[in-house]
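Structure record follows, encoded as structure tokens.
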2 protein chains.
Amino acid sequence: MAETPERLSARPSWLLTQLAVHAHRLASEGFAEAGARGYHYRILAALGEFGPASQVQLGRRCTMDRSDVVAAINELSERGFVERAPDPGDRRRNIVSLTAAGHQQLRRLDEALDAVQDQLLGPLGAAERATLTHLLARLLEHHAR
Amino acid sequence: MAETPERLSARPSWLLTQLAVHAHRLASEGFAEAGARGYHYRILAALGEFGPASQVQLGRRCTMDRSDVVAAINELSERGFVERAPDPGDRRRNIVSLTAAGHQQLRRLDEALDAVQDQLLGPLGAAERATLTHLLARLLEHHAR
DNA sequence: ACTACATCGTTGGTATCACCAATGGATCGG
DNA sequence: CCGATCCATTGGTGATACCAACGATGTAGT
């Protein structure tokens, strides 16, 4: 009983979106322990890898809308993880950069997210994980063209 | 430029959730042409495959919260796609069933969703699609245990 | 130089999905 | 018969993903 209709369970779009729900839940739980959420991690990750950036740049790198970047940075700066400074070369822009506490938070969230991968991929062996990752990466690149 | 941080792009949870965004967008566009959304399709699909059911049953089969089932059925019944009738054998329950128009809408949405699968899986060959589907199905079953 | 256009941050929305708590009516176990 | 449970419903919340519009600023065309 409580069977899922085959119309759903046989379709890749269903498998993908439903599994994403579980992935999102696992990640959210990990982030919540550090008082963060997905958008915060994206911003911190982009700053940690590419260095200080404008908010539009962050939006592009994180696949986030500009308005959502504003809110995320507000929250991150309230907690002292990032700093906003006016760009002297272009006064329309803000330059957002990581603080020391921000680096620390990023490392913390990194660890939490690593644990999530294992939970998510659960019963899959190393070769299967690689296959899945590769297929997903190809598809994502195709759709993000 | 506009590169995605490797912390994100290298993680299966990121690939999965981001690809799910694309899948959801494609499906939503398909559904929108018929004036529907995901929850509506789930309910129609469950009714079409398993026949009339109570709302709790529908919630279990569609992975939906009871309160969301209420709202979806309200909208579906306003459009004449489903009917609510009291269960004579248990007056706590409603028996929800498909109308003729509901069957037709289900077929319509089925076609739209089939087209979505092709768009979603884009560049993948048949064997790759099967591999991906199989891996996703195994993981989903694991998490839905 | 002046005008038209584009860009950036910001505000203030909307939709979808997922989930939770509480209520009142109905049913069932003991 | 009474307490526990089940069901539908109401009324919320949070996260993600969007969109439109505004003012300030910068750039390009003429």
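Proteins get letters first, then strands, A, B, ... in listed order; numbering begins at 1 in each.
- Per the geometry, CZ belonging to A/Arg42 stands 7 Å off P belonging to D/dT16, to the nearest Å.
- A salt bridge links A/Glu49 with B/Arg7: at least one charged nitrogen is closer than 4.0 Å to a carboxylate oxygen.
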Got a list of side-chain donor-acceptor pairs under 3.5 Å for residues 134-145 of chain A, not counting sequence neighbours?
| from | atom 1 | to | atom 2 | distance (Å) |
| --- | --- | --- | --- | --- |
| A/Arg138 | NH1 | B/Glu128 | OE2 | 2.6 |
| A/His143 | NE2 | B/Leu120 | O | 2.8 |
| A/Arg145 | NH1 | A/His143 | O | 2.5 |

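- Taking atom CD on B/Gln57 and atom P on D/dC6, their separation rounds to 14 Å, with Å as the unit.
- Atom CG of A/Leu26 is separated from atom P of C/dC19 by 11 Å (rounded to the nearest Å).
- For the pair A/Arg25 and A/Val56, both in contact range of DNA chain C, the more 5′-proximal nearest nucleotide belongs to A/Val56.
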Compile the donor-acceptor pairs under 3.5 Å between side chains in residues 95-103 of chain B and protein atoms, sequence neighbours left out, one pair per line.
| from | atom 1 | to | atom 2 | distance (Å) |
| --- | --- | --- | --- | --- |
| B/Thr99 | OG1 | B/Gly80 | O | 2.6 |
| B/Thr99 | OG1 | B/Phe81 | O | 3.2 |
| B/Thr99 | OG1 | B/Ala101 | N | 3.4 |
| B/Thr99 | OG1 | B/Gly102 | N | 3.0 |
| B/His103 | ND1 | B/Thr99 | O | 3.4 |

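- A side-chain N or O of A/Gln55 and one of A/Arg84 form a donor-acceptor pair less than 3.5 Å apart.
- The residue among A/Thr63 and B/Ser54 whose nearest nucleotide of DNA chain D is located toward the 5' end is B/Ser54.
- Near DNA chain C, meaning a heavy atom under 4.0 Å away, there are no residues from residues 106-119 of chain B.
- The phosphate of D/dT9 (OP1 or OP2) has no side-chain N or O of B/Asn74 nearer than 4.0 angstrom.
- Under 4.0 Å is where a charged nitrogen must lie from a carboxylate oxygen, and between A/Glu75 and A/Arg37 at least one such pair does.
- Looking only at atom types and distance, the side chain of A/Ser77 has no donor-acceptor partner in the side chain of A/Glu83 under 3.5 Å away.
- Using a 4.0 Å cut-off, some side-chain N or O of B/Gln18 falls inside it from OP1 or OP2 of D/dA17.
- A distance of 11.5 Å separates CD of A/Glu33 from CD of A/Glu111, quoted to the nearest 0.5 Å.
- Among residues at least two apart or in separate chains, ring-ring contact (aromatic ring centres under 6.0 Å, His included) pairs with a member in residues 30-56 of chain B are B/Phe31-B/Tyr41.
- Atom CD of A/Glu29 has more than 12 neighbouring heavy atoms from other residues, nucleotides or ligands inside a 6.0 Å radius.
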What are the atom names and distances for every N/O pair under 3.5 Å that joins the protein to nucleotides 27-29 of chain C?
| from | atom 1 | to | atom 2 | distance (Å) |
| --- | --- | --- | --- | --- |
| C/dT27 | OP1 | B/Arg91 | N | 2.7 |
| C/dT27 | OP2 | B/Arg91 | NH2 | 3.1 |

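- Here the P atom of nucleotide D/dT16 and the CD atom of A/Glu75 are 10 Å apart, to the nearest Å.
- In this structure, CG of A/Leu58 is placed 12 Å from P of C/dC8, rounded to the nearest angstrom.
- Here A/Val69 lies out of heavy-atom contact (under 4.0 Å) with every strand.
- With rounding to whole Å, B/His24 atom NE2 is found 10 Å from D/dT16 atom C1'.
- As rounded to whole Å, 18 Å separates atom P of C/dT7 from atom CG of A/Asn94.
- Counting heavy atoms from C-beta outward, B/Leu124 and B/Thr131 have side chains that stay 4.5 Å or more apart.
- Using a 4.5 Å heavy-atom cutoff, the side chains of A/Leu8 and B/Thr63 are not in contact.
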Interface polar pairs with nucleotides 20-23 of chain D, N/O, under 3.5 angstrom:
none

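- The nearest whole Å value for the distance from the OH atom in B/Tyr41 to the P atom in C/dC17 is 14 Å.
- Comparing C/dC17, D/dA8, C/dT10 against the side chain of B/Arg37 picks out C/dC17 as the nearest.
- Along DNA chain D, the nucleotide nearest to B/Asp68 and the one nearest to B/Gln55 differ in position, and the one closer to the 5' end is contacted by B/Gln55.
- Ionic pairing of A/Asp90 and A/Arg93 is present here: one or more N-O contacts between side-chain nitrogen and carboxylate oxygen are shorter than 4.0 angstrom.
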